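Report on one structure; see the data block that follows.
Because only heavy atoms are used, hydrogens play no part in the values below, and waters and symmetry mates are left out as well, while side chains stay in. This structure is a prediction, so every number in the text was calculated from the model and none was measured. Proteins come first, then strands; the chains are lettered A, B, ... in the order of their sequence lines, and each starts at number 1.
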2 protein chains.
Amino acid sequence: MTELGPGDASLLRKVNTKVTLRALRHEGAATLTRLGRITGLSRQTVEAVLDELAERGYVRELPPDEGVMGRPARRFAFRADAGYVVGMEIGGDGIVAALADLNGEVIAWRRAEVSGDATAHERLEAARRTSQACVDGAGVARRQVWAVAAGTPGIVDRTGRVSLAITLPGWTGVDLAGLAGRWLGGTALAANDANLAALAEHWRGSARHASDVVYVLTGHRTGAGILIGGRLHPGRTGAAGEIGTLRQVGWEDAARELVKESSAAEVFEAALNGDREAARRVDHYAERLAIGASALALAVDPELLVLGGGHSRAGDVLLEPLRRHLAELCVSAPEVVASTFGDEGVALGAVRLALDHVEREILGI
Amino acid sequence: MTELGPGDASLLRKVNTKVTLRALRHEGAATLTRLGRITGLSRQTVEAVLDELAERGYVRELPPDEGVMGRPARRFAFRADAGYVVGMEIGGDGIVAALADLNGEVIAWRRAEVSGDATAHERLEAARRTSQACVDGAGVARRQVWAVAAGTPGIVDRTGRVSLAITLPGWTGVDLAGLAGRWLGGTALAANDANLAALAEHWRGSARHASDVVYVLTGHRTGAGILIGGRLHPGRTGAAGEIGTLRQVGWEDAARELVKESSAAEVFEAALNGDREAARRVDHYAERLAIGASALALAVDPELLVLGGGHSRAGDVLLEPLRRHLAELCVSAPEVVASTFGDEGVALGAVRLALDHVEREILGI
DNA sequence: CCGACATACGTGAATTGGTTACATAAGTGG
DNA sequence: CCACTTATGTAACCAATTCACGTATGTCGG
């Protein structure tokens, strides 16, 4: 995994820069002495590292704390506003774009509705407009955007091209990463929506403490994303988790059956209120989900299964039968929880993906 | 994944030791100058590193090459005989033990038959005797054995305990790692057999060039192992890949149906010779395999699917229908190949697991 | 046998990065 | 205004590495 090269002396400085930067970002703002204690490095080393980082613009010196004993200490903070990233969801219902600083704090959201049968061109135009408006509206210069990531239904290959999308017309073959790179500055990435939502849950949601996670995205479409060792596992073609395509699983029409004539929310509501027929439909839907989820859970044996997407808002009405069916199917079923994020999960995961890229490539963390 | 600590100066030496040792092991034997060129380090550094390694006993100086121009260069080689590891399979048919040096060269095999309905105690005794005989017979002192690993059917948890085994009587609950540690010296590890076989294929077999691999172990029992990023993916409970337990998959009795009254080899042979009924049975078996394999392939989206275990010897008679059924079930089916190792795969994978442990913990690679 | 050549070894100085120890500076609190 | 607390600044030292250059030790051709 980690390529290991020979170490000349400057490798040490690189390592210590990473360690210091990580500690500083974790602390928010800190003095030299404190950073030294945390990292295990000497104060002098930390000082040298921070002066260098300040020079490069990644770190800012703050005015010293007042009212404390002793000589005032130099304080530093990571410059989260040194750059920005954009994460977006390009889905069947519309576009969600989020602008975040280098700490991952989202400073602007933007949404746009796009009908499910819009052409690829219309959808892409909406995405371009929405992402650009999100950045411009926040008063951030486009060249300040270091990376962009987009999540979308369907299979997205390693280069960021949509290699297969059944639910969106004309979507197969779209070079999403290539296009998004032209809308804004910086590197552009694209990935499957469920995968990104999984990433978001691991970052700040229900899956914070798990490293192997299966995420099941419910809604009009049913999909899944997999995290292994806390990292995205896209697979060779980007199709990892696309268990729904297996006929035996029946994810294709699971959602359709659930919402036959009423809305999903109504069905869940009715089931909660004791409607036997609604309860039966929810149970049947849960069983369908469980079959696919159990295949994933048996394959990956994750610590956690997160239920996300539109229908996860139903909560225990859906979670309880899902847990029950899953327990029947798995030797040792994983814990099942609802996702923390609603319809912001995919865009948030895209932010995280873009940040990962920035931290790896630019900050060298 | 990688924990990153602060770097004092000695970190550099550690890194360069690893790089040098890796290069040396790759070369077999090499001069200082050559190692310097390969690693990108200066000759002096390489020399200091190797002198240190020689002192610690990991490396040996060889007599210089003769008949070449210029001043004879100091030559070094990794001391593969500085320690040994044992890998073993404890299966339903019997025991396979392999003793290997630190280069992974197997210097002794040992086998013992144990009937499928032997008690756990009998099986363990056979394993103890076989592994000890393997080491003693090769003239290696038991304290020279740095690590032992064992593969077995069933689910093996992270501590090396068999948490569930259906096929072997009394096997559930056996603390395999704990016991194996007492038979021989060193650390002891235990894992699922299919997982280890997958590791062996990645190490020296059909899966050498793939990093994400699904391995399907055929035979009396059908199981699977998963490699992600070239590393074992055991999952939370060690049950990753145990898709066979899903009823819809039908791995439980797939093998039983194939061999109804004749032996598996006979069925394959007959199918090859144009026997329609045999071909139908093989096709049905392949379909059963493909259903489970496709679930794994869709979940993991691997680069390669390796078919191993007893029935993989059948070759194309089985591979061809498997590929066909897999292509029907998967969006983009992975390449399917037969395993390189027959009944030695599990023990060989155990050797690799033990070596991984040694390299990580002792050599610090 | 001997000189030319090729190649590797050996040594010392310079560089980079890091640590420890201790004197000094700059605040707070009575 | 003095004691106290805490951080900074400086100097000496160490560890690991590289570069430059001189030296050693073999082969090859006559």
(message) Which is more 5' along DNA chain C, the nucleotide nearest L11(A) or the one nearest R34(B)? Just name the residue.
(response) R34(B)

(message) I want to confirm an ordering. Mapping G67(B) and V49(B) to their closest nucleotides on DNA chain D, which one lands closer to the 5' end?
(response) V49(B)

(request) Anything under 4.0 Å to a heavy atom of chain B counts; send over the first and last such nucleotide of DNA chain C, read 5' to 3'. (result) dA6(C) to dG18(C)

(message) With a 4.0 Å cut-off on N to O distance, would you call E201(B) and R208(B) a salt bridge?
(response) no

(request) Could you pull out the closest heavy-atom pair between A98(B) and V106(B), with the gap in Å? (result) CB-CG1, 4.0 Å

(request) Rounded to 10°, tell me the angle between the two end axes of the helix from dC1(C)-dG30(D) to dG30(C)-dC1(D), each built from five pairs. (result) 0°

(request) Could you say whether P72(B) or Q44(A) is positioned toward the 5' end of DNA chain C, judged by the nucleotide with the nearest heavy atom to each? (result) P72(B)

(request) Please report the shortest heavy-atom distance between T39(B) and T20(B), naming the atom on each side. (result) CG2-CA, 4.1 Å

(request) Go through DNA chain D in 5' to 3' direction and return only the first and the last nucleotide with some atom under 4.0 Å of chain A's heavy atoms. (result) dT5(D) to dT17(D)

(request) For R74(A), report the nucleic acid contact type (base, sugar-phosphate, nothing); a contact means any heavy atom under 4.0 Å. (result) sugar-phosphate

(message) With a 4.0 Å cut-off on N to O distance, would you call D51(A) and R74(A) a salt bridge?
(response) yes

(request) Say whether, by atom type as modelled, one donor and one acceptor occur between the side chain of N103(A) and the main chain of E105(A) under 3.5 angstrom. (result) no

(request) Identify whether any heavy atom of E47(B) sits under 4.0 Å from a base atom; if not, whether one sits that close to sugar-phosphate; answer base, sugar-phosphate or nothing. (result) sugar-phosphate

(message) Check this for me: does any side-chain nitrogen of one of E359(A) and R352(A) sit under 4.0 Å from a carboxylate oxygen of the other?
(response) yes

(message) Looking at every heavy atom in both C134(A) and A108(A), which two are closest together, and how far apart are they?
(response) SG-O, 3.5 Å

(request) Decide, yes or no, whether a salt bridge links E61(A) with R75(A) under the criterion of side-chain N to carboxylate O below 4.0 Å. (result) no

(message) Quick one: does any side-chain atom of H357(B) pair with a main-chain N or O of T187(B) as donor and acceptor, under 3.5 Å?
(response) no

(request) Please answer whether the main-chain N or O of L102(B) pairs with a side-chain N or O of R25(B) as donor and acceptor at a distance below 3.5 Å. (result) yes

(message) Do the side chains of R60(B) and D81(B) get close enough for a salt bridge, i.e. N-O under 4.0 angstrom?
(response) yes

